[in-house]
Amino acid sequence: MTAKNFMTPRMLLQILCLAFLLVALLSSPAAPAAGPSHEKYLVYVGTYTDHGSKGIYAYSFDTATGKLASLGLAAETTEPSFLAANSSGRFLYAVNETDTFNGQSTGAVSAFAIQTETGKLSLLNQDSSRGAAPAHITLDRMGRYALVSNYNAGSVAVFALLKDGRLGEVTSFVQHKGSSLNPERQKGPHAHAIALSPDNRFAIVADLGLDQLLVYAFDGAKGTLGANPQIVKAAPGVGPRHLAFSSDGRFLYVINELQSSVAAYSYDTTSGALHELQIISTLPKGFSGENTGAEIEIHPSGKFLFASNRGDDSIAVFAIDSRTGRLTNVERVPTSGKTPRNFTIDPSGSWLMVANQDSDNIVVFRIDQKTGRLKATGDVLQVSSPTCLKFVALH
């Protein structure tokens, strides 16, 4: 009896299943390649306008190459020393760090609409900051309020943000009182910067003049600060300046301007309480010159912390222990300029840009994703008295 060639129902079913799978794979879109996405951004540069600058300047930036291309003067405005942008990329906000505005002893806050095609800024409105020399502005996590630190006045003001981007009414105002150890820098309060907790429930203010962190309950619906802040006392004379939360929100890091150090705190997400874990110097051992700490940033991966030194003119790089929050030194890198007042990390985490205020330049570094180490790319841009760098995504 000879065998016959035939196909069983089970074999036929298997072939049909394979055919359907092949069709599905061929018709589905290709998966994106691994690694950071290559996107384009606008970068706005705030400046001091008493040395030739005219206001805020714009650049285009490509994350694939790390290249900045000048788009020129975006808006003419006085002393726009610190900037903030809303998440939609439609509006930019600046403090005007002056002592007088419209005949009053106060600085100002400006709201701009962003023209994404050209990078130009259109002034929407401008208002008193409610205190002299505003040095910092940040938006709450929902983008509904702008919180402003008035450095010379030692006060904080909260502005409602309208749907069309304009500044609305002041929804909260607090005046700090007191002094601390340094007779030249700490005769009175100097509110320097504000960080919103990841859940938007607390606003932490670094007051350089008081050597304090003031943890205010923040009402994100009304834009109000609680009347009785928790007060976290730093060591006398250290001068807390800027702040940054860890990527998981469990730790807060503060750069101390007068001590040239970074303080690490554990953060209680329920109560807003802070507990000091560590203070680590941003300077090399044996450094004996004059120096002040300036900016602090966390890498998007959450693995590294960067801090700038004005005097040593360097960026200090630290590794973050994700379990304990403690820092260990990685390296210190010269900024190829003088007085690195500000720096920023691009959203892909591949590049770091430094604003060297007193050498009138912006210097670009590549970040090693595994070690956090920095390597200068050789790209240097000339800008008069740069004080702040802000990324805005092109949607």
Side-chain angles (χ1 to χ4, degrees), residues 35-36 63 66 193 195 206 238-267 276-356 361-380 389 391:
T63 59
V238 302
R241 176 183 170 91
H242 283 190
L243 322 86
F245 270 99
S246 62
S247 57
D248 62 7
R250 296 171 53 223
F251 305 102
L252 179 73
Y253 299 93
V254 180
I255 188 163
N256 293 315
E257 177 173 336
L258 305 183
Q259 190 188 45
S260 301
S261 65
V262 173
Y265 296 86
S266 63
Y267 173 71
E276 186 179 291
L277 300 172
Q278 177 191 24
I279 296 180
I280 188 169
S281 177
T282 59
L283 293 169
K285 291 182 179 179
F287 181 85
S288 58
E290 294 185 2
N291 189 83
T292 54
E295 192 56 272
I296 185 169
E297 292 281 350
I298 306 289
H299 189 267
S301 69
K303 296 179 179 179
F304 310 108
L305 180 147
F306 303 85
S308 65
N309 290 303
R310 297 176 295 183
D312 185 52
D313 294 333
S314 64
I315 300 292
V317 184
F318 301 92
I320 300 174
D321 187 315
S322 61
R323 183 179 62 85
T324 66
R326 293 178 66 86
L327 305 175
T328 54
N329 287 304
V330 173
E331 67 171 352
R332 288 174 188 81
V333 179
T335 62
S336 300
K338 188 175 181 181
T339 317
R341 183 182 184 88
N342 182 260
F343 64 88
T344 191
I345 300 168
D346 86 295
S348 77
S350 301
W351 314 95
L352 183 147
M353 281 161 260
V354 183
N356 290 305
N361 63 11
I362 297 170
V363 181
V364 182
F365 294 83
R366 179 184 284 276
I367 304 173
D368 188 306
Q369 303 295 298
K370 294 182 178 179
T371 66
R373 292 180 178 271
L374 302 176
K375 183 178 181 180
T377 65
D379 290 337
V380 180
L389 306 170
F391 275 94

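Everything numeric in this text was worked out from a predicted model, so none of it was measured. The analysis underlying the following values was restricted to heavy atoms, covering all of them including side chains, and did not include hydrogens, waters or symmetry mates.
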(Q) Can a donor-acceptor pair be found, under 3.5 Å and without considering hydrogens, that links the side chain of Asn342 to the backbone of Leu389? (A) yes
Q. Does a donor on one side chain sit under 3.5 Å from an acceptor on the other, for Thr63 and Asp346?
A. no
(Q) For a quick test of reading the model, state the closest non-hydrogen atom pair linking Val330 to Ala319 and the distance between them. (A) CG2-N, 3.5 Å
Q. With distance as the sole test, does Asp313 use its side chain to make a donor-acceptor pair with the main-chain N or O of Thr339 at under 3.5 Å?
A. yes
Q | Rounded distance (nearest 0.5 Å) linking atom CG of Asn356 with atom OG of Ser308 | A | 9.0 Å
Q. Any donor-acceptor pair under 3.5 Å linking the side chain of Asp368 with the backbone of Lys370?
A. yes
Q: State the NZ-OG distance between Lys338 and Ser336, to the nearest 0.5 angstrom.
A: 15.0 Å
Q | Between Thr377 and Arg366: side-chain donor-acceptor atoms closer than 3.5 Å | A | no
Q. Is a side-chain N or O of Gln278 found less than 3.5 angstrom from the main chain of Leu327, in a donor-acceptor match?
A. yes
Q | Closest heavy-atom pair and its distance - Gly302, Ser247 | A | CA-OG, 3.5 Å
Q.
I want to check something: taking the side chain as every heavy atom from C-beta on, are Thr335 and Val363 in contact at a cut-off of under 4.5 Å?
A. no
**Q.** Approximate separation, where rounding is to 0.5 Å, of Ile296 CD1 and Leu305 CG
**A.** 4.5 Å
Q: Evaluate the criterion side chain to side chain contact (heavy atoms under 4.5 Å, CB included) for residue pair Ile279 and Val238; output intermediate values, then yes/no.
A: CA-CA 11 Å; Ile279 296 180; Val238 302; 5.7 Å; no
Q: Please confirm whether the backbone N or O of Ser322 pairs with a side-chain atom of Arg250, one donor and one acceptor, at under 3.5 Å?
A: yes
Q: Take the angle between the ring planes of His299 and Phe306 and call it parallel below 30°, perpendicular above 60°, tilted in between.
A: tilted
**Q.** ring-ring contact (aromatic ring centres under 6.0 Å, His included), paired with Phe245, selected from Tyr253, Phe251, Tyr267
**A.** Tyr267
Q.
For Asp312 and Asn291: C-alpha separation, side-chain torsions, deciding distance, then whether side chain to side chain donor-acceptor pair (under 3.5 Å) applies.
A. CA-CA 6 Å; Asp312 185 52; Asn291 189 83; over 6 Å; no
Q. Would you say Asn329 and Phe318 make side-chain contact, with heavy atoms under 4.5 Å?
A. yes
Q. Just how far is it from atom CG of Leu243 to atom CD1 of Ile298, taken to the nearest 0.5 Å?
A. 11.0 Å
(Q) On a heavy-atom basis, which atom in Gln369 and which in Phe304 lie closest, and how many Å separate them? (A) O-CE1, 3.6 Å
Q.
Tell me if a side-chain donor or acceptor on Ser314 pairs with a main-chain N or O of Arg332 at a distance below 3.5 Å.
A. no
Q | Shortest non-hydrogen contact between Gly66 and Val364, atoms and distance | A | O-CG1, 3.9 Å
Q. Which atoms form the tightest heavy-atom contact between Pro334 and Phe365, and what is the distance?
A. O-CZ, 3.5 Å
Q | Leu374 vs Ile367, side chain to side chain contact (heavy atoms under 4.5 Å, CB included): CA-CA, chis, key distance, verdict | A | CA-CA 5 Å; Leu374 302 176; Ile367 304 173; 3.7 Å; yes
(Q) Give me the atom names and distance for the closest heavy-atom approach of Pro300 to Pro347. (A) CG-O, 4.1 Å
Q: Applying side-chain hydrogen bond (donor to acceptor under 3.5 Å, both in side chains) between Thr292 and each of Arg310, Gln259, Glu257, report the one that passes.
A: Arg310
**Q.** Minimum side-chain heavy-atom gap Leu283-Asn309 below 4.5 Å
**A.** yes
(Q) Walk me through whether Thr324 and Leu277 qualify under side chain to side chain contact (heavy atoms under 4.5 Å, CB included). (A) CA-CA 9 Å; Thr324 66; Leu277 300 172; over 6 Å; no
**Q.** Flag for Ser261-Asn256: side-chain donor and acceptor within less than 3.5 Å
**A.** yes
Q. For the side chain of Arg241 and the backbone of Ala294, is there at least one donor-acceptor N/O pair under 3.5 Å apart?
A. yes
Q. Between Ile255 and Glu295, is any pair of side-chain heavy atoms under 4.5 Å apart?
A. no
**Q.** Any donor-acceptor N/O pair, Ser260 side chain to Thr282 backbone, under 3.5 Å
**A.** no
